[in-house]
Amino acid sequence: MYPPPLHHVFHPANADHYASTVRAGLEHLVRTLGGVAGPATGRSVAGAAARVTAVDLDVPLGDTGAALAELSQVWLDDAVWFHEPTYAAHLNCPVVVPALLAELFIASVNSSMDTFDQSVGGTFVERHLVDWTARRIGFGRTADGVFTSGGSQSNLQALLLARGALEREPLGRLRILASADSHFSVQKSARLLGLGEDSVVCVPTDERHRMDPVALDRSLAACTALGLRPMAIVATAGTTDFGAIDPLPEIADLARAYDTWLHVDAAYGGGLLVSPRYRHRLAGIDRADSVTVDYHKTFFQPVSSSALLVRDGALLAPATWHADYLNPEDPAVASPNQVDKSLQTTRRFDALKLWLTLRMMGPDTLGDYVDALVDLARDTYVAVADEPDLEVAARPELSTLVFRYAPSGLDEPALASLNTRIRAALYESGRAMVAATRVDGRQFLKLTLLNPLATVGDIVGVVDLVRATGARLLADEPAAVASTLEVAR
Ligand SMILES: *Cc1c(COP(=O)(O)O)cnc(C)c1O
């Protein structure tokens with residue numbers, strides 16, 4: 001059609017259309033929210049796929065109401081809701097309202113963070129937040145950093161920088177030392193950097209799933225003795241499964257002794273930076289060369305919001321590349337371009353979410369939320385640890401609880417199958433969601449607690465639902481575990 005309809009474009013001439021469309025969307029969302037009755041509806045894979053693939057993308061619906069109704073069908077009606085207190089599966093947080101207000105502005109204004117001339121004040125909002133986070137870490141004046149799409153990208157960039165610091169070393173000799181409980185993005189980053197499958201040395205952990213510094217010392221010495229070069233030590237401040245915080249001061253001593261880059265992956269534990277009561281658990285983080293913080297985990301921000309912080313901003317240089325069309329290398333027109341620090345080029349102004357959050361709520365309220373989660377995990381542990389039909393893998397370090405339903409008389413394969421089926425049954429029921437993981441080869445369930453509105457009663461209720469579901473599955477299908485019961489008898 002010529003001319004095409006132009007009212008879709010964000011423009012002052014279309015302000016009424018913009019406002020009424022966003023308002024209709026907001027009303028639809030609020031209505032949807034009011035009707036949510038649990039963390040999920042349990043829609044099957046096939047059912048979810050069928051609803052979406054039936055849509056003919058070449059035939060638009062035209063009006064907002066019809067599009068919103070279809071949106072409910074393909075997505076919202078069966079969405080997983082992280083604000084529901086019985087959602088306790090992955091590291092997803094309910095999000096705070098100031099950040100949602102920011103999202104509207106981020107998307108509408110659509111600043112791009114690569115260059116100053118596409119963001120102006122936005123560049124300095126991001127830089128101010130980077131400086132704020134660096135100060136919370138305890139870094140000095142030389143510190144810098146950049147927002148990223150998530151912890152995986154932050155970890156990748158950190159390891160890229162560590163690799164850059166040893167430019168002359170052949171790739172095949174470089175080693176990354178990380179604990180057995182570190183995040184899988186460490187392995188993926190090593191692969192992306194071309195370091196080879198053997199490049200990540202897995203350092204054993206103690207009974208609390210923290211990196212064992214004696215074992216780290218031994219691994220570093222062994223690498224050196226073999227003529228290999230330790231490129232980086234990745235300490236985790238809040239492991240994904242156990243929330244374990246590696247002993248940062250001891251690890252920092254070893255990093256210095258072996259002249260090795262220290263990266264602290266605080267994707268999960270970063271929220272402790274604002275904690276009024278548990279900040280001390282991150283003691284030693286200021287001795288890192290680089291730190292990953294995921295604001296979209298323990299700062300209650302919508303995805304995506306993460307940052308990589310470095311002790312010495314000059315070390316971000318490997319991310320700099322000059323292009324005549326974007327950021328020319330010309331001292332006469334030097335401008336503060338964030339692209340010089342980033343792996344991304346066009347990039348969302350995600351920093352604005354944290355900005356409005358801090359300006360409207362303040363860091364202490366965020367920290368109180370984090371503290372509430374730590375307390376919630378501890379109190380839930382106390383409430384369930386001694387139950388005879390439950391096996392709890394470890395005392396919570398942050399806000400996860402790894403456990404399983406383990407009535408007596410079942411062997412390991414039966415317990416694995418039973419707990420896997422409990423998890424699936426909970427999803428199908430729509431009443432609660434839990435995650436799963438393995439501990440020393442044994443199947444467990446995991447509660448990840450990131451909802452400051454959840455109470456001990458809510459979470460003990462989820463555990464009770466796990467037990468009741470397990471008991472029902474055993475009663476309904478004794479055959480499924482009969483063989484193992486025979487063995488046990
Ligand atoms: C979640 C997580 C990551 C990855 O972060 P994304 O934002 O999901 O990319 C890295 N490390 C740890 C310890 C994590 O928990």
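Counting starts at 1 for both ligands and their atoms, following the listed order.
Looking only at protein heavy atoms, the nearest one to atom 4 (C) of ligand 1 is His183 CE1, 3.3 Å. Scanning the protein for heavy atoms near atom 11 (N) of ligand 1, the closest one is Asp265 OD2, 2.6 Å.
Where the criterion is an N or O separation shorter than 3.5 Å, residue side chain and backbone included, Asp294 meets it with respect to ligand 1. Of the N or O atoms in His296, one or more lie within a sub-3.5 Å distance of an N or O in ligand 1. Distances between N or O atoms of Ser185 and those of ligand 1 include no value under 3.5 Å. Where the criterion is an N or O separation shorter than 3.5 Å, residue side chain and backbone included, Ser149 fails it with respect to ligand 1. For ligand 1, one of its N or O atoms has an N or O atom of Lys297 under 3.5 Å away.
Defined by atom type and a distance below 3.5 Å, a donor-acceptor pair is present between the side-chain atoms of Ser306 and Asp294. Using modelled atom types and a 3.5 Å distance limit, the side chains of Ser189 and Ser185 yield no donor-acceptor pair. Checking Gln118 against Ser111 by side-chain atom types alone, no donor-acceptor pair falls below 3.5 Å. Looking at Asp371 and Ser275, their side chains do bring a donor and an acceptor atom within 3.5 Å of each other.
Within the structure, ligand 1 lacks Gln153 among the residues with a heavy atom less than 4.0 angstrom away. Ligand 1 lies nowhere less than 4.0 angstrom from a heavy atom belonging to Thr239.
For an aromatic pair to be called close, the ring centres must be under 6.0 Å apart, and Tyr295 with Phe147 satisfies this.
For residues 357-376, the set of pairs meeting the ring pair (Phe, Tyr, Trp, His ring centres under 6.0 Å) definition, not counting sequence neighbours, comprises Phe300-Tyr369. Applying the salt bridge (Lys or Arg N to Asp or Glu O under 4.0 Å) rule to pairs touching residues 75-99 yields Arg43-Asp78, Arg51-Asp78, sequence neighbours excluded.
In summary, the atoms of ligand 1 found under 4.0 Å from a heavy atom of Leu91, numbered by their order in the structure, are 15 (O). Each of the following atoms of ligand 1 lies closer than 4.0 Å to a heavy atom of Gly151: 4 (C), 5 (O), 6 (P), 7 (O), 9 (O). When each atom of ligand 1 is checked for a heavy atom of Ala267 under 4.0 Å away, the hits are 2 (C), 3 (C), 10 (C), 11 (N), 12 (C), 14 (C). Contact atoms of ligand 1 toward Ser152: 4 (C), 5 (O), 6 (P), 9 (O) (distance under 4.0 Å to a heavy atom of the residue). Every atom of ligand 1 with a heavy atom of Gly238 under 4.0 Å away is listed here by number and element: 13 (C).
In summary, Arg256 and Asp253 do not engage in a salt bridge, as defined by a charged side-chain N under 4.0 Å from a carboxylate O. Remark: Arg311 engages Asp289 in a salt bridge, criterion side-chain N to carboxylate O under 4.0 Å.
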